[in-house]
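Below is one structure; the comments refer to it alone.
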There are 2 protein chains.
Amino acid sequence: MENEPLRQIRKLSQYYAYSSIQMHEAIGHKAGLSGTDHKYLGWLIEKGEMTAGELANLTGLTTGAITGLIDRLEKKKLVRRKFAEDDRRKVLIAPDTKKIMALLQPLYKDFRNKSEQLLASFSQKDLKVIETYFRSAIEIMEATTHSLNKKQSR
Amino acid sequence: MENEPLRQIRKLSQYYAYSSIQMHEAIGHKAGLSGTDHKYLGWLIEKGEMTAGELANLTGLTTGAITGLIDRLEKKKLVRRKFAEDDRRKVLIAPDTKKIMALLQPLYKDFRNKSEQLLASFSQKDLKVIETYFRSAIEIMEATTHSLNKKQSR
DNA sequence: CCTAATTATCTTATCCACTAAGATAATATA
DNA sequence: TATATTATCTTAGTGGATAAGATAATTAGG
């Protein structure tokens, strides 16, 4: 016999993940980006300028794939290649935040408004609960991913 | 000037989405499945037996892609094709739940245990908050996806 | 210093999953 | 019964991934 509310939440969190993947892909598609390109563009915005190698490590993609990724994004003028001053083998990927925002914001607008509204419906205390949950859940998922990717292969 | 806790949560929910995508792919990869195959296998388990066409609609993939998907999963004996009795053009995809579970459960085990532990650390009232958040957020994301995929193309 | 080893990215060949369009086969309709 | 419709599959072509090796810059050793 199982704790029913727990089972519910587990299922919901799974649905939540599916839904966000689907939405993410839909938005990317609408912006003329593949799911991958959209995802890593998000990372670039989030973490800012980084080298091709760092992105390869972060994403788990091969350096060849990263070259292609940068090529595609650069062709769309969403990022720019720069050689690092301290080491000219390194290629810094500089996201053009303005341009990326201009491309994506309109597509996220509806979602963002509705999310804003939803969050506004919670008390500060409840928001704290949600925040705590998120933080821990993220930690768990990242640890899981990490350990899976480490043990052999990839 | 912006509400800081809100900004935090928005960012966290984005990270949460990224983390779940990454973990999902890592688990799939470990199980010898592509991200897509893993994802839709999850749907099949969740929603149970469905026709190829239904899966095509649900996923947004073309029927050709679905044929390939079923082929791959069938070759691994994770699903089985059956012709529907009422209409023998229809191909029912019957997931072999036992086999799928046997393949995936071990990979989710760690994650699941830790999640269980995390959830157990919340009060029933807090869990209710989280559940409410999930339900509404899922609704919002599905609506967004839907409207993006509807307006032109895909 | 100068050569060899290492490091960072790119190139190439190949593969796999996707789309688009049309083929095939079963069912519904007139 | 002939025709239209529906459900899936097939085929040709494309795009993004990997693996392995090439290129170019930096670091280390004698």
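Note that the structure is a prediction, hence the values are computed from the model and not measured. First the proteins, then the strands, lettered A, B, ... as listed; each starts at 1.
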Considering just the side-chain nitrogens and oxygens of [X], establish if one lies under 4.0 Å of OP1 or OP2 belonging to [N].
X: B/Thr51; N: D/dA7; answer: no
X: B/Thr36; N: C/dC18; answer: yes
X: B/Arg81; N: D/dC9; answer: yes
X: B/Arg72; N: C/dA17; answer: yes

- Task: Fit a plane to each ring of A/Tyr133 and B/Phe134, take the angle between them on a 0 to 90° scale, and name the class: parallel (under 30°), tilted (30 to 60°) or perpendicular (over 60°).
- Result: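 Judged by the thresholds at 30° and 60°, the geometry between A/Tyr133 and B/Phe134 is perpendicular.
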- Task: Specify whether B/Tyr108 and B/His38 have parallel, tilted or perpendicular ring planes, treating 30° as the upper limit for parallel and 60° as the lower limit for perpendicular.
- Result: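 Answer is tilted, since the angle falls between 30° and 60°.
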- Starting from the 5' end of DNA chain C, give me the residue, A/Gly68 or B/Ala84, whose nearest nucleotide shows up first.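 Counting from the 5' end, the first nearest nucleotide belongs to A/Gly68.
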- Taking the six-membered ring for Trp, is the centroid-to-centroid distance between B/Tyr16 and A/Tyr16 below 6.0 Å?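 Ring centres of A/Tyr16 and B/Tyr16 closer than 6.0 Å.
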- Query: Is any side-chain heavy atom of A/Lys90 less than 4.5 Å from a side-chain heavy atom of A/Glu54?
  - Reply: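 A side-chain contact is absent here, since even the closest heavy-atom pair is not under 4.5 Å.
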- Message: When you compare the side chain of B/Leu78 with that of B/Leu33, does any pair of heavy atoms fall below 4.5 Å?
- Response: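 Answer yes - side chains close enough.
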- Item | B/Glu49, CD: over 12 other non-hydrogen atoms inside 6.0 angstrom |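 Atom CD in B/Glu49 is packed in, count exceeds 12.
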- Message: Would you say CZ of A/Arg81 has more than 12 non-hydrogen atoms from neighbouring residues, nucleotides or ligands within 6.0 angstrom?
- Response: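 Correct, the count exceeds 12.
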[X] has an atom [atom1]; how far is it from atom [atom2] of [N], in whole Å?
X: A/His29; N: D/dG15; atom1: NE2; atom2: P; answer: 13 Å
X: B/Ile70; N: D/dT10; atom1: CD1; atom2: P; answer: 11 Å
X: B/Lys90; N: D/dT8; atom1: NZ; atom2: C1'; answer: 12 Å
X: A/Asp86; N: C/dT7; atom1: CG; atom2: P; answer: 16 Å
X: A/Glu74; N: C/dC10; atom1: CD; atom2: C1'; answer: 13 Å
X: A/Asp87; N: D/dT27; atom1: CG; atom2: P; answer: 6 Å
X: B/Leu69; N: C/dA17; atom1: CG; atom2: P; answer: 10 Å
X: A/Glu54; N: C/dA8; atom1: CD; atom2: P; answer: 10 Å

- Query: Under 3.5 Å, is there an N or O donor on one side and an acceptor on the other linking the side chain of B/Arg89 and the base of D/dT6?
  - Reply: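 Yes.
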- Would you mind reading off the bend of the helix from C/dC1-D/dG30 to C/dA30-D/dT1 from its two end axes, five pairs each, to 10 degrees?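 Terminal axis comparison yields 10°.
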- Query: Going from CD1 on A/Ile21 to NZ on A/Lys39, what distance comes out if it is rounded to the nearest 0.5 angstrom?
  - Reply: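 One finds 8.5 Å between CD1 of A/Ile21 and NZ of A/Lys39.
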Please tell me which of the listed nucleotides, [options], lies nearest to the side chain of [X]?
X: B/Thr62; options: C/dT11, D/dT8, C/dT19; result: C/dT19
X: A/Arg88; options: C/dC10, D/dA25, D/dC9; result: D/dA25
X: A/Thr67; options: C/dC18, C/dT11, D/dT18; result: C/dT11

- Given that B/Ala65 and A/Ala65 both sit by DNA chain D, which one's nearest nucleotide is further toward the 5' end?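 In this pair, the answer is B/Ala65.
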- Reckon B/Ala52 touches a base, only the sugar-phosphate, or nothing at all at heavy-atom distances under 4.0 Å?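 Sugar-phosphate contact only.
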